Amino acid sequence: MESNGNIVSLEDSAKQIQYWCDHKFEPEIEKELWPKILQHKWFLSEKLGRDVGIKVACLDFIENVERMREDQHDEERIRLLKELDAQMVDRSVWDTISETQPPKQIVNKRIILPLTKADLARKHGVIPPRTIIFFGPPGTGKTYFVRAIAGVLQWWYVEVSPSTLMAEGENRMGANLKRLMEKVRNLDETVIFIDEFEEIATTRDHASRIDKSITNEFIKQVPLLEKQNRKILLVCATNYIRQVDAALLRPGRFDCIIPVGGLDNQGRQTIFEHYLSSTNRGEVDMERIISMMSLFTPADIEYLFQKVRQDAFEREYVKGEDYLVTTETFLEMIPKVAPTLTDEIVDEFEQDCTRYTRY
Ligand SMILES: Nc1ncnc2c1ncn2[C@@H]1O[C@H](COP(=O)(O)OP(=O)(O)O)[C@@H](O)[C@H]1O
Ligand SMILES: [Mg+2]
């Protein structure tokens, strides 16, 4: 039997439930249950990362129906997760990050472990952070890290861009942020990510009246989030920490301010190998090439591979014979990719680290 979406007649939903669950309810209840089962199917599929069949969803739903009734918020939460376009990120993303890539170790010790080893953390009075700022030059992996954290915790990942908050015009931003945070406080096991944080939380000296109202809203909302007894992590990322309102950076507002900086050789090699493994390659002298990429960010490495692969594709298209990417291909392409980091940017970043880092 096939389900035909949400709109089903009373008789239909009864038939469906009886068919799939071998369970008979009052017809009125059945009608109410069916859309919930369809929602549960979506929820389970997202959570497990695979498409769950209607039968599995139905059985799981019936099995847990009591628990679900008890939890009045469940349905509301599912609706909210859908509305916010929540995603489950694969656990393996975390493992693709080299142990030496900053700030993997800080994140592990300060965020992941206190959450996953809750008893030990409690014993030692370690409180897991709830509100975090990542800062660092563009392309250093801030977004990638946030996704990886959600993945390793197996929490929902919800991304909010400043443009969504500005959708109805800049003067609605404060109100939109307030509404969003009110909703978010009802979620559980969720990582909320606000990118380009400086766009919405500019220093008040330079901001217009409207921008100030959003900073003020943030100052109100962050402590409210801290008070919630739920597993929520708010992460904000910025390329320009100096532009973020100092009032928001004071101790007591965000729990951690963590720099996401450049890579060392090991970090570069891990990312290089990651992309090389899905490239049509021949002999590649990795050590030599990596030593030429000292100021490359993860984004630059990714772009280098995009160029190298495009080149390989075009060559094979023209010549009609298998083209293998080799050391030579990289030597030719590296000069065409300008690294994001410059000595000046690295200098500024180091100053920012001294001034803002706190965890
Ligand atoms: N450890 C990593 N392994 C593989 N790719 C990575 C890694 N870190 C970052 N990247 C890639 O580098 C690019 C830039 O990272 P991103 O997180 O968008 O940087 P930022 O948010 O700091 O600007 C992304 O396309 C991301 O997939
Ligand atoms: Mg980003």
Side-chain angles (χ1 to χ4, degrees), residues 85 87 89-108 111-112 132-152 157-165 191-201 233-244 256-279 281 286 289-290 293-310 333-334 337-342 345-346 348-350 352-353 356-357:
D85 200 16
Q87 297 166 36
V89 178
D90 208 276
R91 205 182 271 277
S92 63
V93 175
W94 178 254
D95 301 324
T96 63
I97 304 175
S98 152
E99 289 306 312
T100 68
Q101 180 170 342
K104 187 171 185 182
Q105 299 205 19
I106 300 171
V107 168
N108 193 35
I111 304 170
I112 311 291
I132 293 151
I133 296 178
F134 277 153
F135 73 91
T140 45
K142 295 180 289 297
T143 306
Y144 197 79
F145 257 101
V146 185
R147 291 181 61 85
I149 292 170
V152 77
Y157 172 78
V158 171
E159 194 170 322
V160 181
S161 70
S163 58
T164 349
L165 292 173
V191 176
I192 316 285
F193 176 46
I194 301 186
D195 207 358
E196 296 165 62
F197 187 49
E198 76 287 347
E199 293 258 324
I200 57 171
L233 207 55
L234 171 72
V235 190
C236 301
T238 177
N239 298 338
Y240 310 102
I241 185 95
R242 292 174 191 202
Q243 290 178 18
V244 175
C256 299
I257 302 181
I258 299 176
V260 183
L263 300 162
D264 67 356
N265 268 345
Q266 179 58 49
R268 268 187 288 277
Q269 183 171 334
T270 305
I271 297 176
F272 192 88
E273 281 172 351
H274 168 78
Y275 289 112
L276 193 63
S277 68
S278 50
T279 300
R281 56 164 297 196
M286 200 140 57
I289 291 160
I290 284 166
M293 307 195 308
S294 64
L295 290 171
F296 276 48
T297 61
D300 298 330
I301 301 175
E302 188 181 33
Y303 181 58
L304 171 68
F305 270 89
Q306 185 191 319
K307 285 191 84 67
V308 160
R309 289 165 176 181
Q310 178 69 28
M333 282 302 163
I334 285 180
V337 178
T340 302
L341 300 178
T342 60
I345 293 177
V346 172
E348 277 185 14
F349 175 65
E350 277 166 10
D352 289 349
C353 289
Y356 299 106
T357 304

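Just follow the structure's listing: the first ligand is 1, and inside any ligand the first atom is 1. Keep in mind it's a predicted model, so treat the numbers as computed, not measured. All values below were derived from every heavy atom in this structure, side-chain atoms included, with hydrogens, water molecules and symmetry-related copies excluded.
For ligand 1, the polar-atom distance check against Thr143 finds a nitrogen or oxygen pair separated by under 3.5 Å.
Closest to atom 1 (N) of ligand 1, if we only count protein heavy atoms, is Gln101 OE1, 3.1 Å. When hydrogens are left out, the protein atom nearest atom 13 (C) of ligand 1 is Glu302 OE1, 3.5 Å; that is the closest non-hydrogen contact. Protein heavy atom at the shortest distance from atom 14 (C) of ligand 1 is Ala299 CB, 3.6 Å. Among all protein heavy atoms, the one lying closest to atom 23 (O) of ligand 1 is Gly139 N, 2.8 Å. Among all non-hydrogen protein atoms, the one lying nearest atom 27 (O) of ligand 1 is Tyr144 CD1, 3.4 Å. Nearest protein heavy-atom contact of atom 9 (C) of ligand 1 is Pro298 CB, 3.3 Å. When hydrogens are left out, the protein atom nearest atom 15 (O) of ligand 1 is Gly141 CA, 3.6 Å; that is the closest non-hydrogen contact.
At a cut-off of 2.8 Å, Tyr144 is not counted among the residues with an N, O or S atom near the Mg ion (ligand 2).
Asp300 places a side-chain N or O within 3.5 Å of a backbone atom of Thr297 that can act as its donor or acceptor partner. Put simply, the side chain of Thr164 never gets that close to the backbone of Val160: no donor and acceptor are under 3.5 Å apart.
Only side-chain heavy atoms of Ile271 come within less than 4.0 Å of ligand 1; its backbone N, CA, C and O stay farther off.
At a cut-off of 3.5 Å, with distance as the only test, no side-chain donor of Gln306 or Glu302 sits close to an acceptor on the other residue.
When the options Thr96, Asp95, Thr100 are evaluated for a side-chain hydrogen bond (donor to acceptor under 3.5 Å, both in side chains) with Ser98, the one that passes is Thr100.
Listed by number with element, the atoms of ligand 1 under 4.0 Å from a non-hydrogen atom of Ile97 are 1 (N).
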### Message
Run Arg147 and Gln87 through side-chain contact (heavy atoms from CB on, under 4.5 Å) and show every step you take.
### Response
CA-CA 10 Å; Arg147 291 181 61 85; Gln87 297 166 36; 3.3 Å; yes
### Task
Go through the steps for Trp94 and Ile112 under the test side-chain contact (heavy atoms from CB on, under 4.5 Å), then give the verdict.
CA-CA 11 Å; Trp94 178 254; Ile112 311 291; 4.2 Å; yes
#### Entry: CA sep, side-chain torsions, deciding dist, call: Tyr240, Phe197, ring-ring contact (aromatic ring centres under 6.0 Å, His included)
CA-CA 9 Å; Tyr240 310 102; Phe197 187 49; over 10 Å; no
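In this structure, of Phe134, Phe305, Tyr275, the residue bringing a heavy atom nearest to atom 5 (N) of ligand 1 is Tyr275.
Side-chain atoms of Ile334 and Met293, non-hydrogen and from C-beta on, do get closer than 4.5 Å to each other.
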